[in-house]
Participant: 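Got a structure for you, questions after.
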Amino acid sequence: MSEKSSNHHSWGAAAATGVGSMPGGDAREAAKTVTGSLEALPYLPELPARGPGADMIGRTAGMLVELYAHVEPSGWRISDRPGRDTRRARSWLGEDLDALEEYTQGHRGALKVSAVGPWTLAAALELRGGEAALSDPGACRDLTASLAEGLRTHLAEVRRRVPGAEVVLQLDEPSLTAVLAGSVRSASGYRTHPAVDRAVVEGALRDLVTAAQAPVVVHSCAPSVPFRLLRRAGVAGVSFDFSLLTESEEEAIGEAVEGGTALFIGAVPGVDGPLSDPAGSVRGVRTLWRRLGLSPGTLAESVVITPSCGLAGASPAYARTALAHCVRAARSLADNPE
């Protein structure tokens, strides 16, 4: 990664970004908002309100290579060949890329794209019999390989459209903790899938980090994010909901910062509501830094401020406000790290 001042991340110090989803169904409007608000780390928005195929599982299923999926009443199911749902997912992604390309003319620097990670995908995608792919280790391996190939193609396409971009890949893994804990429910709902071995989970994530040839950030807005496992898998950053952090994770966070892992801290509410002053939104982050005995000077370099989760459930006006608020909150960390 390029050296920017004293900072080893391509997005520079005191950056802010979004998590992924935005309200509404207008790709150009979303791209305009995101690129207009976030100069250091704009991203390709997701617009799930458009329906199946624009949701995160369907969108990522559309990126898979030699694996296809269609919508069943119970969710997304793997199919033999591409059908209407695959075409729709790909067409919306194309529309989103067109809009992003239009609003990132001349952009140089970091640009974030996201896809669902292999474990959340395995927990969500059904095999032909209706059980999750997670139930079959062979299916999990095939899914990871197909996703790695699909993401290589997707990232190449983004680089072609935005030649100045230093692409950052975000893998959305909200089910990761449940996969590790063995708490993902079976199709019947009466039992849970056995926990997947930690080394297997880590290995699949490492395969994607290798395939991406770009910094990878893993996002989860679930409690108990496995910071150490993610660092061992080689991620450049971990994105999480700050309000869910417990004392038991603090030591792992301190280690992550000292090891150069970026923290994408979800510190601004993702749904409409009153916002405190920007400095107030990150007060807890400063306090955490002090408690961990970390140097205040590393704060702005280690941290990217984001909303607590995607903004799909917010009003368009609030979504814009929240992104602008994240930018100001990040700046306040740089200006007054103490």
Side-chain angles (χ1 to χ4, degrees), residues 7 9 11-21 37-38 40-41 43 112 170 172-174 176-177 217-231 235-311 313-314 318-338:
N7 189 311
H9 299 298
W11 47 82
T17 192
V19 170
S21 65
S37 309
L38 306 164
L41 189 46
Y43 66 98
K112 183 166 72 75
Q170 174 180 309
D172 292 314
E173 282 283 20
L176 184 60
T177 302
V217 176
V218 170
H219 166 73
S220 169
C221 40
S224 309
V225 175
F227 286 92
R228 289 189 177 102
L229 182 150
L230 293 172
R231 286 187 57 219
V235 305
V238 182
S239 165
F240 58 98
D241 178 342
F242 191 67
S243 70
L244 298 177
L245 207 59
T246 63
E247 221 172 294
S248 61
E249 286 140 304
E250 289 189 1
E251 195 184 327
I253 284 203
E255 288 168 13
V257 170
E258 285 171 348
T261 306
L263 303 180
F264 283 57
I265 296 183
V268 174
V271 288
D272 293 43
L275 290 171
S276 68
D277 62 306
S281 294
V282 286
R283 189 170 293 127
V285 180
R286 289 194 185 87
T287 308
L288 172 67
W289 232 249
R290 268 201 304 277
R291 260 207 315 278
L292 292 172
L294 295 165
S295 136
T298 63
L299 189 50
E301 292 184 8
S302 307
V303 168
V304 175
I305 299 299
T306 75
S308 58
C309 214
L311 294 167
Y318 178 81
R320 272 195 302 276
T321 302
L323 292 179
H325 190 86
C326 288
V327 171
R328 285 196 294 268
R331 203 161 293 146
S332 87
L333 281 182
D335 296 344
N336 309 299
E338 303 277 355

Participant: Against Ile305, only a single residue in Thr17, Leu333, Leu263 fulfils side-chain contact (heavy atoms from CB on, under 4.5 Å); can you say which?
Facilitator: Leu333

Participant: What are the two closest non-hydrogen atoms of His9 and Glu301, and how far apart are they?
Facilitator: CD2-O, 3.7 Å

Participant: Got a donor-acceptor contact below 3.5 angstrom from the Lys112 side chain to the Gly18 backbone?
Facilitator: yes

Participant: Is the CZ atom of Arg283 crowded by more than 12 outside heavy atoms at less than 6.0 Å?
Facilitator: no

Participant: Any idea which heavy atoms bring Val19 and His219 closest together, and the distance?
Facilitator: CG1-NE2, 3.5 Å

Participant: Quick one: pull up CG in Leu244 and SG in Cys309 and give me the separation to the nearest 0.5 Å.
Facilitator: 9.0 Å

Participant: Between CD of Glu173 and OG of Ser239, what distance do you get to the nearest 0.5 Å?
Facilitator: 12.0 Å

Participant: Any donor and acceptor pair, going by atom type alone, linking the side chain of Ser308 with main-chain N or O of Ala267 inside 3.5 Å?
Facilitator: no

Participant: Would you say the side chain of Leu275 lies within less than 4.5 Å of the side chain of Pro269, judging by non-hydrogen atoms?
Facilitator: yes

Participant: Determine whether a donor-acceptor pair (N or O, by modelled atom type, separation under 3.5 Å) exists between the side chain of Ser37 and the backbone of Leu323.
Facilitator: no

Participant: Any side-chain heavy-atom pair from Ser220 and Leu176 closer than 4.5 angstrom?
Facilitator: no

Participant: How close do Val282 and Ser332 get, counting heavy atoms only, and between which atoms?
Facilitator: CG2-OG, 3.6 Å

Participant: Quick check for you: to the nearest 0.5 Å, what is the distance between Ser281 atom OG and Ile265 atom CD1?
Facilitator: 12.5 Å

Participant: Distance from Glu247 atom CD to Ile253 atom CD1, nearest 0.5 Å?
Facilitator: 12.0 Å

Participant: State whether the side chain of Arg286 and the backbone N or O of Asn336 hold a donor-acceptor pair below 3.5 Å, judged by distance alone.
Facilitator: yes

Participant: Is atom CZ of Arg331 surrounded by more than 12 heavy atoms (other residues, nucleotides or ligands) closer than 6.0 Å?
Facilitator: no

Participant: Does Phe264 offer a backbone N or O that forms a donor-acceptor pair with the side chain of Thr306 under 3.5 Å?
Facilitator: no

Participant: Would you say Glu251 has more than 12 foreign heavy atoms packed within less than 6.0 Å of its CD?
Facilitator: no

Participant: Under 4.5 Å between any side-chain heavy atoms of Leu299 and Leu294, yes or no?
Facilitator: no

Participant: Heavy-atom distance under 4.5 Å between the side chains of Thr261 and Leu230, does that happen here?
Facilitator: no

Participant: Quick check against the 3.5 Å criterion: does Glu250 have a side-chain atom that pairs as donor or acceptor with the backbone of Leu288?
Facilitator: no

Participant: For residues Ala15 and Gly12, report the shortest heavy-atom separation together with the two atoms involved.
Facilitator: CB-O, 4.2 Å

Participant: Hydrogens and angles aside, do Glu249 and Thr246 bring a side-chain donor and acceptor to less than 3.5 Å of each other?
Facilitator: yes

Participant: Check whether any side-chain heavy atom of Val257 lies under 4.5 Å from a side-chain heavy atom of Trp289, and answer yes or no.
Facilitator: yes

Participant: Minimum heavy-atom separation for Ser302 and Thr298, please, with both atom names.
Facilitator: OG-O, 2.7 Å

Participant: State, to 0.1 Å, how close Pro226 and Thr177 come at their nearest heavy-atom pair, and which atoms those are.
Facilitator: CD-OG1, 4.0 Å

